[in-house]
Amino acid sequence: MKPATLIIAACVCVTAFAQPSSAANGAAQDKAQVVNRIDGLLAASKTFYLATVDGDQPKLRPLGAHHVVDGKVWLGVGEFKNVYRQLVANPKCEVVALQPAGGKWLRWTGRAVFAEGAERERLEEVFLTASPRLRRIYNKKPGKRMMCFTLADSRAELIPMM
């Protein structure tokens with residue numbers, strides 16, 4: 001018998017549709033709850049893992065930095081790292097985090113969408129202000145920038161451990 005999987009949410013890119021205000025408010029509350037749940041699980045795990053693809057080879061690496069900005073969970077990677085090049089070449093990725101208590105784990109699957117322009121600058125500053133030690137790695141030098149991304153067309157699941 002397979003243990004039940006709790007689907008936290010299936011999030012898709014927002015499309016502008018006219019909705020009654022009560023439905024729009026309910027959808028906004030639901031999205032905020034999903035974002036808070038994902039953020040809480042990532043924070044509780046402290047270290048979580050990002051899976052990408054390099055050609056036909058899966059790649060997995062630990063991450064820890066994430067922030068909620070403008071109602072989205074953002075992650076950051078170095079512009080100079082293979083992980084960034086892999087996500088640009090194939091934005092399909094997955095984040096996995098182990099819930100420290102309760103025997104469950106988060107699987108958040110989607111498509112990496114990188115911030116651009118002024119939004120990228122603003123998000124980079126959020127990450128660097130929150131973790132000043134990162135300024136030794138990420139700075140204004142070409143190729144040493146933090147690239148921030150969120151997952152679009154995503155699905156988050158909370159899965160019981162076997």
Side-chain angles (χ1 to χ4, degrees), residues 5-13 31-55 57-162:
T5 298
L6 171 65
I7 305 297
I8 295 173
C11 306
V12 295
C13 291
K31 182 179 177 189
Q33 289 173 346
V34 168
V35 166
N36 289 337
R37 186 102 186 250
I38 292 170
D39 177 55
L41 288 163
L42 295 178
S45 70
K46 294 189 179 31
T47 301
F48 48 92
Y49 299 88
L50 173 67
T52 61
V53 177
D54 187 13
Q57 178 65 45
K59 297 290 182 176
L60 188 66
R61 77 261 308 139
L63 296 178
H66 70 285
H67 294 283
V68 175
V69 179
D70 299 334
K72 297 176 186 174
V73 177
W74 292 91
L75 308 171
V77 296
E79 182 180 31
F80 57 98
K81 295 183 175 183
N82 288 335
V83 62
Y84 173 70
R85 290 186 286 279
Q86 291 159 9
L87 288 169
V88 168
N90 181 352
K92 292 180 181 178
C93 63
E94 191 163 271
V95 173
V96 172
L98 179 63
Q99 188 179 25
K104 295 180 182 173
W105 56 282
L106 168 71
R107 175 190 289 146
W108 184 29
T109 305
R111 181 176 49 83
V113 176
F114 284 91
E116 297 179 355
E119 181 182 41
R120 195 205 66 70
E121 298 281 338
R122 182 172 61 95
L123 288 165
E124 181 181 38
E125 190 57 34
V126 166
F127 276 75
L128 298 180
T129 299
S131 298
R133 65 181 173 75
L134 292 177
R135 287 193 191 276
R136 289 179 292 189
I137 301 168
Y138 303 105
N139 51 56
K140 300 289 182 182
K141 292 180 187 175
K144 293 290 186 177
R145 305 300 300 271
M146 177 171 283
M147 305 303 284
C148 300
F149 68 97
T150 190
L151 298 189
D153 304 324
S154 69
R155 177 183 175 103
E157 301 172 278
L158 191 56
I159 302 167
M161 294 187 64
M162 305 268 177

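All values below were derived from every heavy atom in this structure, side-chain atoms included, with hydrogens, water molecules and symmetry-related copies excluded.
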If you measure from [atom1] on [X] to [atom2] on [Y], what distance do you get to the nearest 0.5 Å?
X	Y	atom1	atom2	answer
Asn139	Glu124	CG	CD	8.5 Å
Leu75	Leu87	CG	CG	9.5 Å
Arg111	Leu151	CZ	CG	9.5 Å
Met146	Leu128	CE	CG	5.5 Å
Glu121	Arg145	CD	CZ	4.5 Å
Leu50	Leu60	CG	CG	7.5 Å

Would you list the atom pairs, donor with acceptor, under 3.5 Å between side chains in residues 89-98 and any protein atom, with sequence neighbours excluded?
{"unit_1": "Asn90", "atom_1": "OD1", "unit_2": "Lys92", "atom_2": "N", "d": "3.1"}
{"unit_1": "Glu94", "atom_1": "OE1", "unit_2": "Thr109", "atom_2": "OG1", "d": "2.5"}

Let me know which of Phe127, Trp74, Phe114 forms a ring pair (Phe, Tyr, Trp, His ring centres under 6.0 Å) with Phe149.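 The single option meeting the ring pair (Phe, Tyr, Trp, His ring centres under 6.0 Å) with Phe149 is Phe114.
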Which pairs count as salt bridge (Lys or Arg N to Asp or Glu O under 4.0 Å) when at least one residue sits in residues 68-77, sequence neighbours excluded?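 Of all non-adjacent pairs touching residues 68-77, those that pass salt bridge (Lys or Arg N to Asp or Glu O under 4.0 Å) are Asp70-Arg122.
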Flag side-chain contact, heavy atom, 4.5 Å: [X] against [Y]:
X	Y	value
Trp105	Met161	yes
Phe80	Tyr138	yes
Leu41	Trp108	no

Which atom of Ala115 lies closest to which atom of Leu123, heavy atoms considered: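 Answer, listing the atom of Ala115 first, then Leu123: CB-CD1, 3.5 Å.
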Ignoring hydrogens, what is the shortest heavy-atom contact between Tyr84 and Gly78? Give both atom names and the distance.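 Scanning both residues, the minimum pair turns out to be CB-O, 3.2 Å.
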Does the salt bridge (charged side-chain N to carboxylate O under 4.0 Å, His left out) test come out yes or no for Glu125 and Arg135, once each step is laid out? CA-CA 10 Å; Glu125 190 57 34; Arg135 287 193 191 276; 2.5 Å; yes
Are Asp54 and Asn82 close enough, and set up right, to give a side-chain contact (heavy atoms from CB on, under 4.5 Å), and what steps lead you there? CA-CA 9 Å; Asp54 187 13; Asn82 288 335; 5.9 Å; no
Any donor and acceptor pair, going by atom type alone, linking the side chain of [X] with main-chain N or O of [Y] inside 3.5 Å?
X	Y	value
Arg155	Arg107	no
Thr150	Val73	yes
Ser45	Leu42	yes

Which side-chain hydrogen bond (donor to acceptor under 3.5 Å, both in side chains) pairs, counting each pair once, include a residue from residues 60-69, with sequence neighbours left out?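 Listed once each, the pairs are Asp39-His66, Thr52-Arg61, Arg61-Gln86.
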